[in-house]
Protein chains: 2
Amino acid sequence: MKAASRERRRNEIMDIAVEVLAERGYRGASMLEIANRASASKETLYAWFGDKPGLFEQVIRRNARAVQAALAPRLENDTTAESVLVAFGQALLRLLLGEDAVAINRAAISEAASDSRLAQVLASAGREATLPDFIRFLEGHSRNGTWQIDTPSEAAEDFLGLLIGDSQIRRLLGLLPAPGEAEILARANRAAARFSRLYAP
Amino acid sequence: MKAASRERRRNEIMDIAVEVLAERGYRGASMLEIANRASASKETLYAWFGDKPGLFEQVIRRNARAVQAALAPRLENDTTAESVLVAFGQALLRLLLGEDAVAINRAAISEAASDSRLAQVLASAGREATLPDFIRFLEGHSRNGTWQIDTPSEAAEDFLGLLIGDSQIRRLLGLLPAPGEAEILARANRAAARFSRLYAP
DNA sequence: CATAAACCGTACCATACGGTACGGATAAGA
DNA sequence: TCTTATCCGTACCGTATGGTACGGTTTATG
């Protein structure tokens, strides 16, 4: 009964770490404030997570697992290729433009100049874990003739570019609010339609 | 003879500010180090730029002017529409993925959580200054039949998405080096080709 | 050449943060 | 109920930063 409780506590603390991160940014998120809000002690934070980068590395890994779990199922082909594309696009936009991902990406970017540790973790647990699945999905539909694709990796980039555009950057800059469900659907639909036109046989 | 000299000195200091920014990130770029490298005194920095955000606000404005000056001429139609698109794309990629812009965008993103002042300046002097020109360019070629475009603003986003993809984010995360001229040309060509296919009459 | 302004180098102050140490409370286990 | 390990709250230390003050020196101006 103890391991489960510790795991819950760990998650509580990481939830609060993301919360503080979103409010104050990476440098501004002090270990003291995280400890206080979590009714934990600094010593516990350091005992469990090593140091400040260590804490946020764990936060990033946990987030990446959630992303992977939300995206992978969307790529299982049970309906139209284009509808899978739309569903995948929606899920990706929801995650990428949501508060947590924005806070995490801001943190990784903030530190990238002097230390790319967080960025490395973000990339290897995020993009590099999901993109191959998506590319395989495109390859499948290239072989079966849905689309005519020469280089699936480039096609994947095209779709992501059409889907996301510069909304992620503007979101990171704090110039856009988190999009509503309607806007997400519209963007995903548009991107899928453009993609289908681009790679029509 | 004094005004010109002061202006040169100002630019020297801002050059060094960008340099330090690129090495240490926004929080890590201390006013002391900037002053020391510039053989200036902290007091002069504060006298000229107000405070730390003020200094980097000036840096951003200067960079935005350079960007605008580099991009606007590309849109003057003297050759093929597609070749203008390629040239514009090349120039944009060079600027957006270059060291200075990366450092500046990182800074604005770092502070966005707690203070969007830098981001506001970056947006209003950057994107909002150049995008309208590009949209007008697309409108012109929509009227004259080169492309069939319903909503020029969306078409502009499509081109930028195809052009940039996720390379800007990966660059900000420190996962990609600055691209060489060959790669820039290739990306611009690809994006222009895709765009032409997408909006062919 | 003399005078005044601008600027450099240094010292200084208050503040905040990361990280460590320690005593007391609390909850699990025998 | 007693014991032991865990965790909370607080205090503490060294360091670094933004911002200000000031004497001395260089540079422009008359």
Side-chain angles (χ1 to χ4, degrees), chain A residues 1-60 106-108 110-111 113-115 117-118, chain B residues 1-60 106-108 110-111 113-115 117-118:
Chain A
M1 201 55 54
K2 199 175 171 185
S5 153
R6 255 176 83 111
E7 198 53 31
R8 265 211 321 277
R9 187 76 174 116
R10 248 182 99 86
N11 276 310
E12 264 180 49
I13 292 177
M14 286 197 275
D15 287 343
I16 287 174
V18 177
E19 198 180 294
V20 176
L21 184 68
E23 288 176 28
R24 312 244 188 245
Y26 183 73
R27 289 299 237 266
S30 82
M31 296 296 269
L32 179 60
E33 180 163 5
I34 294 170
N36 282 346
R37 282 208 216 174
S39 292
S41 99
K42 276 174 65 173
E43 195 168 21
T44 302
L45 289 195
Y46 283 98
W48 288 12
F49 300 100
D51 55 9
K52 186 174 171 177
L55 168 59
F56 286 102
E57 183 180 325
Q58 295 304 321
V59 167
I60 290 177
R106 278 179 182 156
S110 299
E111 299 308 288
S114 50
D115 173 18
R117 179 173 162 195
L118 294 183
Chain B
M1 200 57 53
K2 197 176 174 185
S5 154
R6 255 177 81 112
E7 197 53 30
R8 266 213 317 279
R9 188 75 174 117
R10 250 182 97 87
N11 277 310
E12 263 180 49
I13 291 176
M14 287 197 273
D15 287 343
I16 287 174
V18 177
E19 198 179 294
V20 176
L21 184 67
E23 287 176 27
R24 310 243 188 247
Y26 182 73
R27 288 300 237 266
S30 81
M31 296 296 269
L32 178 61
E33 181 164 4
I34 295 170
N36 282 346
R37 283 208 216 175
S39 292
S41 97
K42 276 174 64 175
E43 194 167 21
T44 303
L45 289 195
Y46 283 98
W48 287 11
F49 300 100
D51 54 10
K52 187 174 170 177
L55 167 59
F56 286 102
E57 182 180 326
Q58 296 303 320
V59 167
I60 291 176
R106 278 179 182 156
S110 300
E111 298 308 289
S114 49
D115 173 18
R117 178 173 162 195
L118 294 184

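Scope of the values below: all heavy atoms of this structure, side chains included, with no hydrogens, waters or symmetry mates. Quick note on labels: first sequence line is chain A, next is B, and so on, each numbered from 1.
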- Between atom CZ in Phe49(B) and atom P in dG19(D), what is the gap in whole Å? 14 Å
- Message: Side chain of Lys52(B) only, heavy atoms from C-beta on: which candidate in dG19(C), dG18(D), dA21(C) is closest?
- Response: dG18(D)
- Message: By the 4.0 Å heavy-atom rule, please label Asp51(B) as base, sugar-phosphate, or nothing.
- Response: sugar-phosphate
- Task: In plain terms, say whether Arg117(A) and Glu111(A) are close enough for a salt bridge, that is, a side-chain N and a carboxylate O under 4.0 Å apart.
- Result: no
- Round to the nearest Å and state the distance from Leu32(A) atom CG to dC13(D) atom P. 17 Å
- Task: Decide whether a cation-pi geometry holds between Arg6(B) and Trp48(B); the criteria are a distance under 6.0 Å from NZ or CZ to the six-membered ring centre and an angle within 45° of the ring axis.
- Result: yes
- Leu45(A) CG to dG19(C) P: how many Å, rounded? 11 Å
- Query: Between Glu33(A) and Arg37(A), is there a side-chain N and carboxylate O pair less than 4.0 Å apart?
  - Reply: yes
- Query: So, does Thr44(A) use its side chain to make a donor-acceptor pair with the main chain of Ala40(A) at under 3.5 Å?
  - Reply: no
- Query: Within 45° of the six-membered ring axis of Tyr46(A) and under 6.0 Å from that ring's centre, is NZ or CZ of Lys52(A) located there?
  - Reply: no
- Message: Output the rounded distance in Å from CG (Asn36(A)) to P (dG9(D)).
- Response: 8 Å
- Closest to the side chain of Ser39(A), out of dG9(D), dC7(C), dG19(C), is dG9(D)
- Item | Interatomic distance, Ile34(A) CD1 vs dG9(D) P [rounded to whole Å] | 15 Å
- Note on the structure: Atom CD of Glu33(B) and atom P of dG9(C) are separated, to the nearest Å, by 15 Å
- Whichever of Met31(A) and Ser41(A) has the more 5' nearest nucleotide on DNA chain C, that residue is Met31(A)
- Starting at the 5' end of DNA chain C and moving along, which residue's nearest nucleotide shows up first, Ala38(B) or Pro53(A)? Ala38(B)
- Below 4.0 Å: OP1/OP2 of dC7(D) and any side-chain N or O of Thr44(A): no
- Message: If I take atom CZ in residue Arg37(A) and atom C1' in nucleotide dC8(D), what distance separates them, rounded to the nearest angstrom?
- Response: 19 Å
- Checking dG18(C), dG18(D), dT6(D) against the side chain of Arg6(A) (C-beta onward), the nearest is dT6(D)
- Message: Looking at Arg9(B), I'd like to know whether one of its side-chain N or O atoms comes within less than 4.0 Å of OP1 or OP2 on dC8(C).
- Response: yes
- Item | Selection from dT17(D), dG18(C), dT20(D) that lies nearest to any side-chain heavy atom of Tyr46(B) | dT20(D)
- Would you kindly give the NZ-to-P distance between Lys42(A) and dC12(D), to the nearest whole Å? 14 Å
- Item | Phosphate contact (dA6(C) OP1 or OP2) by Trp48(B) side-chain N/O below 4.0 Å | no
- Select base, sugar-phosphate, or nothing to describe what Ala47(B) touches, counting heavy atoms under 4.0 Å on all strands. nothing
